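Structure first, then comments.
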Protein chains: 2
Amino acid sequence: MAFELASAREPNSSARSGNIVSLKAFQSEYDFSLEAICARMLDRHRDTIRTQKPHIAVTKLARIIQSTLMLSNRKGFHSMSLRELATASGLSMGALYTYFDSKDTLLMMILGEVSSAVSSALGCPPASLADDPVRRLRWLLETHVYLTETMQPWFLFAYMEAKAFPKEGREKARRSELATEALISDALADVVQRKQASVPNVELTAALIKPLLQDWYVKRGKYRRRGVTPEQYVEAVTGFVEGAISLRRGMSR
Amino acid sequence: MAFELASAREPNSSARSGNIVSLKAFQSEYDFSLEAICARMLDRHRDTIRTQKPHIAVTKLARIIQSTLMLSNRKGFHSMSLRELATASGLSMGALYTYFDSKDTLLMMILGEVSSAVSSALGCPPASLADDPVRRLRWLLETHVYLTETMQPWFLFAYMEAKAFPKEGREKARRSELATEALISDALADVVQRKQASVPNVELTAALIKPLLQDWYVKRGKYRRRGVTPEQYVEAVTGFVEGAISLRRGMSR
DNA sequence: GGGAAAAAAACGAGCGCTCGCTCAAAAAAT
DNA sequence: ATTTTTTGAGCGAGCGCTCGTTTTTTTCCC
């Protein structure tokens with residue numbers, strides 16, 4: 001435990017150098033555990049969360065969020081009643097309302113953490129990959145899969161409930177999605193410019209890569225049932241994409 | 001008009017021969033217009049639909065279904081109230097209930113037409129493609145895109161509301177999805193067996209093709225905004241897939 | 001062809017219920 | 001003793017659904 005904490009504070013620099021290679025390596029770079037996210041959530045919403053003691057607030061928040069994600073992903077956020085949520089999280093109706101002031105706020109709080117996680121994990125690719133777009137593309141695919149693996153219920157929630165967001169939230173989701181796609185198409189454009197591969201249509205190809213990344217968390221159950229690990233999925237997607245863009249296998253590997 | 005009907009009854013045999021090439025060609029093979037689907041719907045539910053006159057029933061059904069798909073795809077089936085639906089479709093609450101006996105039945109009626117459409121359009125690939133798996137794969141991709149283009153709101157509905165189905169419906173959706181994937185992986189396996197291309201992992205590759213096909217109707221708005229036509233999307237997906245499975249471009253084209 | 005009788009279709013207020021949400025009081029922590 | 005946290009019955013609104021009634025269409029006899 002102490003050791004793990006130490007290694008989390010002094011991370012290996014694998015992500016910085018652009019070689020993540022495994023889910024574990026990714027997870028030792030970033031703390032996207034339920035508790036850590038809920039702690040950040042508390043910071044961001046000190047004004048609406050009426051519970052004073054941080055350690056109590058974080059604990060209860062974690063139970064609320066976990067139950068919300070479970071119930072929503074099973075039958076939809078709108079179909080989940082707050083009475084169900086109270087039962088599942090072991091709190092009373094009233095207690096729930098010390099953590100959010102409306103059901104919509106709860107939804108937006110979760111969305112906020114998802115989009116913040118995307119920014120912090122994908123926002124700044126390691127500088128060492130600045131002039132190696134092929135490896136930068138791989139890094140993007142890897143990091144995306146490992147991030148969404150770590151926060152799978154969160155991403156599934158954001159994906160499924162996006163259309164129910166109050167307008168503000170829908171736009172945030174759209175912007176976040178376009179930003180990810182832009183990272184991909186930038187890398188692709190760079191690959192083309194350096195003549196490391198040929199891509200007939202950069203924009204459209206980037207658009208097609210997105211659903212490959214999304215499928216990992218949207219259909220997570222299917223892949224689990226078939227015994228596909230995150231690492232195998234990264235391998236498959238990378239191979240698929242690199243084949244599709246006529247990149248010679250082994251090039252710059 | 002008379003000419004169009006005649007040509008619909010005596011279709012060109014493009015789909016049968018495995019060359020669909022365009023959305024229009026597909027649509028002249030199969031009638032997946034709102035009215036035609038609602039007519040089939042009426043046949044299938046004569047016992048629950050209490051309206052006697054077929055032409056009245058079909059007209060009203062079309063308005064109900066169209067409004068249901070519009071409202072549901074905007075904010076979710078569960079969030080759509082029957083009062084909203086009554087207003088949008090121009091019927092009264094009571095009139096709605098002559099066409100279905102519960103909100104869940106309405107959902108299942110729509111799902112039924114979607115899964116029936118999949119069977120009839122993808123169920124039996126043209127016999128002429130039996131021993132040409134590369135062209136069969138292309139036919140599958142094309143036909144899937146053109147089918148889902150023609151019935152986009154239906155497919156989006158089925159995709160988004162799948163988890164809300166009463167168990168029976170959820171399994172139907174799952175079976176239908178797996179069947180499509182099986183068609184793809186059969187073609188892929190055949191391609192490999194005939195050594196026309198190399199695919200590292202047939203199952204996983206087939207699984208990755210599925211989200212490419214789904215993206216067309218799930219994110220239809222994005223592609224419309226960018227001016228991507230169904231034909232261009234077919235072209236892009238075909239190229240992407242054939243590149244990924246190391247098929248030489250131009251082979252058997 | 002026209003008008004009364006019968007059949008079909010549409011109507012919408014109202015039912016029982018559950019929803020999101022509140023707040024006075026109890027319980028727990030300090 | 002005082003503050004913090006939790007409780008859960010209760011509120012009005014809105015839900016899916018029903019059914020007595022009205023409106024529209026069809027039938028049929030003269």
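Below, chain A is the first sequence line, B the second, and so on; all start at residue 1. Quick caveat: nothing in here was measured; it's all calculated off a predicted structure.
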**Study point:** Distance below 4.0 Å between Ser81(A) side-chain N/O and dC19(C) OP1 or OP2
**Key:** yes
Revision key, fill the gap. Nearest heavy-atom contact between Leu156(B) and Tyr217(B) is N-CD1, 3.7 Å
**Study point:** Spacing of Leu85(B) atom CG relative to dG14(D) atom P, expressed in whole Å
**Key:** 18 Å
Review point. Does the side chain to side chain contact (heavy atoms under 4.5 Å, CB included) test come out yes or no for Leu106(B) and Ile65(B), once each step is laid out?
Key: CA-CA 9 Å; Leu106(B) 172 60; Ile65(B) 300 299; 4.0 Å; yes
Exercise for review: Could you check Met93(A) against Lys53(B) and say which one's nearest nucleotide on DNA chain D is further toward the 5' end?
Suggested key: Met93(A)
Exercise for review: May I ask you to evaluate whether Ser92(A) reaches the phosphate of dT7(D), defined as a side-chain N or O under 4.0 Å from OP1 or OP2?
Suggested key: yes
Study note, to complete from the structure: From CD of Gln52(B) across to P of dT25(D) the rounded distance in Å is 16 Å
**Study point:** Rounded distance in Å - CG (Leu91(A)) to P (dC21(C))
**Key:** 16 Å
Check your understanding: Separation of Leu82(A) atom CG from dC21(C) atom P, in whole Å?
Key -> 6 Å
Check your understanding: Which of these nucleotides, dA9(C), dG20(C), dT5(D), is closest to any side-chain atom of Tyr97(A)?
Key -> dG20(C)
Point to revise | Protein-nucleotide distance (Leu106(B), atom CG; dC15(D), atom P), rounded to Å | key: 16 Å
Check your understanding: Once you round it to whole Å, what is the distance between C1' of dG20(C) and CG of Leu71(A)?
Key -> 16 Å
Check your understanding: Is the base of dG16(D) touched by the side chain of Arg83(B) through a donor-acceptor pair closer than 3.5 angstrom?
Key -> yes
Review point. Got a salt bridge between Glu181(B) and Lys222(A), using NZ or NE/NH1/NH2 to carboxylate O under 4.0 Å?
Key: yes
Revision key, fill the gap. Whole-Å distance, His55(A) NE2 to dT5(D) C1', equals 12 Å
Point to revise | DNA chain C: 5'-proximal contact among Arg50(B) and Lys103(A) (nearest heavy atom) | key: Arg50(B)
Review point. Whole-Å distance between dT24(D) C1' and Lys60(B) NZ?
Key: 10 Å
Check your understanding: Can you tell me if Glu161(A) uses its side chain to pair, donor with acceptor, with the backbone of Tyr159(A) under 3.5 Å?
Key -> no
Check your understanding: Under the 6.0 Å and 45° cation-pi test, does Lys24(B) pair with Tyr146(B)?
Key -> no
Check your understanding: Are any of Tyr99(B)'s side-chain N or O atoms less than 4.0 Å away from OP1 or OP2 of dA10(C)?
Key -> yes
**Study point:** Candidate nucleotides dA9(C), dC21(C), dT6(D), ranked by approach to the side chain of Ser102(A) - the nearest
**Key:** dC21(C)
